[in-house]
Every structure is written in structure tokens, then in C-alpha cells.
S.K.: 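Here you go, one structure.
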Amino acid sequence: MRNREVAQVFDDIADLLEIKGEMIYRILSYRRAAEGIRSLGRDIREVWKEHALREISGVGEAIEAKIDELMRTKKLEFFEGLRKEIPAGLIDVLHVGDVGPKRAARFWRELDITTVPALEKAARGGRLRELSGMGAKSEARILQNIEAMKRRERGRISIGVALPIAEQLVARLKQLPGVEAVEAAGSLRRWRETVGDLDLLAASDAPGEVLQAFTSFPEVERVLGRGETKASVDLHSGLKAQLWVHPPARFGTALQYATGSQAHNVHLRELAQNRGLSLSEHGFKDSVGREILCPDEVKVYATLGLPWIPPELREDRDEIAAAAAGRLPRLVEESQIRGEFHAHTQWTDGASTLQEMAEAARQAGLEYLVITDHTQGLGMVNGLTPERLREQRRELDQVQARLGDSLRLLHGAEVEILADGSLDFDDRTLASLDLVAASIHTSLRQPREKITARLLAAIRNPHVDMIGHPTGRLVLGREAADLEVGPILEAAADHGVALEINAHPERLDLKDVHARQAWATGCLLAINCDAHKPEDFALRRYGVGVARRGWLPAEAVLNTRGVDQILTWLHGRG
DNA sequence: GCCGTTTTCGGCCCGACTGTTTTCAGTCG
């Protein structure tokens, strides 16, 4: 079983225990363990073989034994027992908005509802309001939430969709009178790869007016609720958005709170308690009720004796301990990116000419651009043969001549790693290139041993400088190839082969925890836009977000180097 | 069920909002 599947088992266990009415802290333990497994930069199967499961955050004696059982037998007696006791469809019912464990249990026990369709039918039939404590309004809300669930499919959307929508709302809020500051907080500010809903925060001393204006925005489809300090709405785009409004003097704690993550916040509040303080979005309070107000986040963390922690690190993945020990990394910034290693043109599946892509890269402020079109093995995109590659080289030289010193073009290729691990060009052709990036696009479902060996063969090929989108995953689509990540990272480090962080929001591959593990293993990383058209150079920020979530400093990221250093690096690789 | 520079047992964050309520339970973040 893979990390995601194991984590899912423990999340399901937590859901089932909640419906059962189990003690909340036992439930939280399963959720913490699930999160710890998801945050793991390594394959849990490798960790299991090393008998190191207890080192995973949130895994103790009992959960270690359960993982061991899962690994050995692919089953878990305890889980099977729970599923016999509680209908599995209730897990989906629990994920309907405004339905929590208490209501799910009552729907089941009192109305014999065990699936979302059954719940929908009962709501339409007016049967939910028969329950004590439920009325027509609750019934209508639940029905609306089921509708919303259908529209949004899996609940979360790509950051590439969410961020532009949020930016538009932020711009609109900033124009309102009496608004002193606006931030998109939540998982968006942490640059998570998917976003459940938008969390917006405004600083103002007139919250009522701001909330009134917000709920009247043209993007708003309907208002879900509006109180004195917060409102939540459904947007026409299908996203849910909520806005908190706090006075400027309290903006620091409010922003910190709204940014999360929840686990990070809980941890901070525990720290506050240790200092005899209570922390909420409104500020700190000491034991006699005296307040400490924080207009900015720096003061929030300083009050706890910590340096400010960048939002991208706030996942309760050891960042608080690192901050306390002065071990926080100095994270790479978008402004430090100086070049691009991955771009396509009309020679294969790009939308623009080489000249147009070069021009766009120059305008994006880049010092160098490596053209890396596909190779012949990828027939459907008209991959380059060695001859067409040589023709492309001539065009590249001509464009370079026109550009002069304003941008340095390098000739590379995104070479197919074939199903047997060999590359799609002969050695002489590979040697003629300035940079060889190797990628897997086909046969992604090969068994673990085979596809791992395939990637290892590519890494060990002396011509290969970089591996493109190493795991082949798509953020909301395709599962990563079944790779043994540990050995691959070690081989890349050994051979000095850089690993791509593909910045396209549909890929984001490597992902954050793998990027972190890669740098810890000694690999270099490259943040690449995989540009297929001029606008794609703007995708870089998503890749930088992943890199920062992966704790990467600038020195871990190859594109922070200038063109001379890159040429030296390539030359050193032969 | 996890965890320990105050603890190996007894803790484990804090508040807003809604709906159905005469004081609060449930859900959410």
C-alpha cells in the first residue's frame, strides 16, 4: 500500500469512530497519523522495511502495529470490524456540509439513511425536519450542500484556478472605503496545491459595511451566512469564500489564525498556554484577562519567543521546533529565479515559435532559456528526430543572433525515457545538446520495480542533466507512478542530476514533501514552467510555492544561478 | 491514541455562526 492509501485508511477510521461517538482525542490521533503519513517525503513501504514507522509524526505503538498489519496482509482487522459495525456510505454523508458526526449518526439510527443519495431523497421528502433539533432551514441547507458537492466533484480545486479568483476578490476588497489591508489567507497563502475554499481577511474598523459590500459582490451567487465579523458565500465559480474583518490593531493574530494550518494553530496555542497565555484570532490574553494585541504576524510569533514563520511552512511539519532552534531555512523567492530550463515550441506541441518563446522569456525577466522540445518517441506531438533537432539548432542560433545579449538561449531536449529505461536519442545526438532533460510520458503504470529501474537507468545515463516531472502525477487527476522514491533521490544526488519541480499547477511534480526530501538527500532542484506558450512563464510562482513548501533555500534551486554558473555546471557534467 | 526542558499518566486550542432554541448543540475553520 502507498502513502496515500494508508493515510486514507486512518482518515476513514477517524470518520467511522466519530460517527460511533468515540472519544475525540482518539479520533484526532488517527487524523494526525494520517497527516503524518501524507507529509512523509518517503515511501511508507521503505520506512516499514527499515522498522522506522515510529519516527513518523503521530505514529505510536498502536498505529505502528496497524500499519504493519496493513503492509503484511493488505488488510486491517480493526478497520474491517468498524466497517461491519457502521455502514461505509456514512463516511460520504459525513462529508456533506452542515452534517457532522452527530447528525450522520442520527440519520442512520433514526431514519436508516446510510448514503448521500438516500440523504438527498429524505431531505427532498421533508423527512429530516422530523428529527428533534432539525427544522426546514437545516434541511434546505443540507440539500444545497449536496448540490454544491455534486458541482465541485472532489471538493478541492487546483491552486491555479483558485488563486486568480482570489486575487480578483482581494483587489475588489482593497477598493472599499475604510479597508486598510486585505490578504488571501488559508491554504492559498500557504501555497497548497489544492484549495477547498477561499479564506479572505480584511483590516477595517467598520466590519459591518465591509461585510455588506462583500456579500453584494457580482461574483457572489448566494450568501451562506453573515455575522458581525465574518461572512461566507458561494461564488458563481463554484468556490466557497469567506471573509473575516478585524480591526487593524488585531490584524496580526487574525491573519495568523486565518492562514492556518489548523494543526499549526493548535500547536501555537499550546505554546501560548505554556506561557500562561491564551491565543485566539483576536489576540493574546493573560491569566487575568489582560490583552496583548498584535497588528502584524511578527509580533504574534515574537510573543511566543519565535521568529516569524513563512506561511508555506505552517503545516506542523517541524517548523515550530525549527523556528525555536533558529533552524528555519531562508526560503527561495520568485525574484531570485534567473532562468528557465523547460520550454516547448511549435517544433513539437508548443503553441508559439521559438522566437516568440524567447521574446516572452526575455520580457519575463529571465537571463536564459533552454528550449526542450519533445523527442521522436512521443509521436503524437511530432517529437523531434535527430535531423529535425539539428534544424532546430540552426533556427535557435539565428534567434540568438537577433537577441544579442538580452537573453541566452540554450539547446536542450525533453528526451523520452523509453519503456525499457533507454533514451530516445543515440549518444552522439545527446552529446550535441547543451542540456538533456529526461522524462517519462508513457507506460506510467509499470510495476514498481520496473519503473523504478527505468528512472534509475535514466539518472545513471551520463548524458542526462535533469529529470522532468519525475513522478508523472497530475494534481487532481493521475496518481504518481509507483516509484521507490528513496533510491531515486539517492541516485540523483550521486550523479548530480537535477530534479524538476514542474510549476504547472496541474502537475506540481515533484511535490512539496518530495522536494524537501530531495534537498535533504543532496539533490539539486529546478523550478520549471514547462512553458508551451508565452503566458506560461507566469506559472513560475506556483513552482516557487512548492519549493518554499519544501523548505528549499535559493542554493537548492538551480535556476537561481546566473547563466555563467549554469554553463559551468553543465560543463562540469561533461 | 499520542506524548513528555513542568508530565510515563493526565492532559490534549479557541471562537463565530446558525438554527431551533428559552440556554445550547452542532458544525466549521
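All figures in this text were calculated on a predicted structure; none of them were measured in a lab. Below, chains carry the letters A, B, ... as their sequence lines are ordered, and counting in each starts from 1.
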S.K.: Tell me whether the side-chain N/O atoms of A:H264 come closer than 4.0 Å to OP1 or OP2 in B:dC13.
M.R.: no
S.K.: Do any N or O atoms of the protein come closer than 3.5 Å to N or O atoms of nucleotides 5-10 of chain B, and which pairs are they?
M.R.:
none

S.K.: Could you identify the nucleotide paired to B:dG1, looking across every strand shown and requiring Watson-Crick or G-U wobble geometry with both distances under 3.5 Å?
M.R.: B:dC12
S.K.: B:dG15 P sits how many Å from A:R250 CZ, rounded?
M.R.: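 A:R250 atom CZ is separated from B:dG15 atom P by 12 Å.
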S.K.: Using a cut-off of 4.0 Å between protein heavy atoms and nucleotide atoms, how would you tag nucleotides 19-29 of chain B 5' to 3' with B, S and -?
M.R.: SSS----SSSB
S.K.: Of all residues at least two apart in sequence or in a different chain, which pass the side chain to side chain donor-acceptor pair (under 3.5 Å) check with A:E18?
M.R.: A:R31
S.K.: Return all side-chain donor-acceptor pairs below 3.5 angstrom for residues 230-239 of chain A, not counting sequence neighbours, or 'none' if the list is empty.
M.R.:
residue, atom, partner, partner atom, Å
A:K230, NZ, A:Q242, OE1, 3.4
A:D234, OD2, A:R222, NE, 3.2
A:D234, OD2, A:R222, NH2, 2.9
A:H236, NE2, A:P218, O, 3.4
A:H236, NE2, A:V220, O, 3.2

S.K.: Looking at A:E315 and A:R549, is any side-chain nitrogen of the basic one under 4.0 Å from a carboxylate oxygen of the acidic one?
M.R.: yes
S.K.: For a quick check of understanding: with a heavy-atom distance under 4.0 Å over all strands, which category does A:K285 fall into, base, sugar-phosphate or nothing?
M.R.: nothing
S.K.: Mind checking if A:I27 touches a base, just sugar-phosphate, or nothing, with heavy atoms under 4.0 Å?
M.R.: nothing
S.K.: B:dG1, OP1 or OP2 - any side-chain N/O from A:Y25 closer than 4.0 Å?
M.R.: no
S.K.: So does A:S232 get a side-chain nitrogen or oxygen closer than 4.0 Å to the phosphate oxygens (OP1/OP2) of B:dC17?
M.R.: no
S.K.: Round to the nearest Å and state the distance from A:L53 atom CG to B:dC2 atom C1'.
M.R.: 15 Å
S.K.: Applying the salt bridge (charged side-chain N to carboxylate O under 4.0 Å, His left out) criterion to A:D43, which one of A:R448, A:R4, A:R2, A:K49 satisfies it?
M.R.: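 Answer to the salt bridge (charged side-chain N to carboxylate O under 4.0 Å, His left out) test with A:D43 among A:R448, A:R4, A:R2, A:K49: A:R448.
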S.K.: Rounding to a whole Å, what distance do you find between A:L28:CG and B:dG11:C1'?
M.R.: 13 Å
S.K.: State which residues pass side-chain contact (heavy atoms from CB on, under 4.5 Å) with A:R124; sequence neighbours excluded, sorted by chain then number.
M.R.: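 In terms of side-chain contact (heavy atoms from CB on, under 4.5 Å), with neighbours along the sequence ignored, A:R124 is linked to A:E120, A:L143, A:E147.
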S.K.: Tell me: CD1 of A:I320 to P of B:dC13, nearest whole Å?
M.R.: 13 Å
S.K.: Who pairs with A:R478 by side-chain contact (heavy atoms from CB on, under 4.5 Å), at least two apart in sequence or on another chain?
M.R.: A:L444, A:R445, A:L474, A:R507
S.K.: How many Å lie between CZ on A:R26 and P on B:dC3, as a whole number?
M.R.: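 Rounded to whole Å, this separation is 16 Å.
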S.K.: NA contact type, A:R226, heavy-atom cut-off 4.0 Å: base, sugar-phosphate, or nothing?
M.R.: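 Contact class for A:R226: sugar-phosphate only.
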S.K.: Does A:H267 reach a base, just sugar-phosphate, or nothing at all? Heavy atoms under 4.0 Å.
M.R.: nothing
S.K.: Hey, does the side chain of A:N3 reach the backbone of A:I44 with a donor-acceptor pair shorter than 3.5 angstrom?
M.R.: yes
S.K.: For residues A:P505 and A:V475, determine if any side-chain heavy atom of one lies less than 4.5 Å from a side-chain heavy atom of the other.
M.R.: no
S.K.: Whole Å only: how far is the CD atom of A:E35 from the P atom of B:dC2?
M.R.: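 After rounding, the gap between these two atoms is 16 Å.
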S.K.: Is the A:W244 ring parallel, tilted or perpendicular to the A:Y257 ring (thresholds 30°, 60°)?
M.R.: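 Geometry flag for A:Y257 against A:W244: perpendicular rings.
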